[in-house]
Amino acid sequence: MSASNEARAVTPPEVLARKGKQPLVCLTAYTTPMARLVDPHCDIVLVGDSVGMVLHGLPSTLGVTLDMMILHGKAVRRGVDQALMVVDMPFGAYEESPEQAFRNAARLMAETDCAAVKIEGGETMAGTIRFLTRRGIPVMAHIGLTPQAVNAFGGYKVQGRGGDADRITRDAMAVADAGAFSVVLEKVPEALARALTARIAIPTIGIGASPACDGQILVIDDMLGMFTAFRPKFVRRYAELGRQAETAIATYADDVRQRRFPAAEHVFGDTPESRKQGESA
Ligand code: KIV
């Protein structure tokens, strides 16, 4: 990214200032080509640890490492000019202590040139969020269903129903008070999302948390129909690229077997005319 592009990029304070205004548009990306497609339309591009499930075939996000996040962060950086780029801190990279979180967040920022990191957890992570934000690391928080805690939750379950709403409310207030510039609310009931959005001073970014939030985020492969292992209720499919890819691959295989591909237009000649044209590509 050039210095002039840097000047145009959305910043964490600008995201904070969008509280209660036009909804924030956020998507994940993991590769340069996808980042280039997503960037012009988004306020925030998240290099989510969902990359582990979506691109690496892992059964959960627990196996994602800091090195994986750095590799994908670098790739996304090459495709993002105007959106705020946030990179997920993976499981095991920040929970031990604020110092461990700082060391790994600093490495993520230095090596990927991201402008902010995302951390899962509410009240228990508030001290760490405060430690990072006071040392110049903008933090996006993530509460409600935090996928890195899937085993503790006993599955990808809705969080904050009934009496459990108090826990999520304490989490939201704690991360806002600790200095997070925004918070992802995942899989919480609409009434709770609405109440939290009204109560805290930072933007809420919903995923399965209703239109009451200050913004929305989806996993790019979910909304494009490329990740089909399972489909959460909160996903709207804007395309069926997985199905299209399947058809295209089957057609290619058939064409090769039937010798319909390559066709004449894909073949290099060795005539004076083709040599003159300098065919190379
Ligand atoms: O990893 C991820 O993609 C996320 C989003 C679903 C918010 O955390």
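As the structure lists them, so they are numbered: ligands from 1, and atoms in each ligand from 1.
Residue pairs meeting the side-chain hydrogen bond (donor to acceptor under 3.5 Å, both in side chains) criterion with at least one member in residues 133-146, sequence neighbours excluded: K118-H142, H142-E186. Applying the side-chain hydrogen bond (donor to acceptor under 3.5 Å, both in side chains) test to pairs two or more places apart or on separate chains, those with a residue in residues 208-224 are K19-D214, T204-D214.
Ion pairing between D81 and R36 fails under the 4.0 Å rule for side-chain N and carboxylate O. One finds no salt bridge joining R170 and D177 here, because no Lys/Arg side-chain nitrogen approaches an Asp/Glu carboxylate oxygen to under 4.0 Å.
For Q148, the side chain to side chain donor-acceptor pair (under 3.5 Å) partners are D49, Y94, not counting sequence neighbours.
Ring pair H72/H56 is perpendicular by interplanar angle, where above 60° counts as perpendicular and below 30° as parallel.
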For ligand 1, what N or O to protein N or O distances fall under 3.5 Å?
unit_1   : atom_1 : unit_2 : atom_2 : d
ligand 1 : 1 (O)  : D49    : N      : 3.1
ligand 1 : 1 (O)  : D49    : OD1    : 2.9
ligand 1 : 1 (O)  : S50    : N      : 3.0
ligand 1 : 1 (O)  : S50    : OG     : 3.3
ligand 1 : 1 (O)  : D88    : OD2    : 3.1
ligand 1 : 3 (O)  : S50    : OG     : 2.5
ligand 1 : 8 (O)  : K118   : NZ     : 2.8

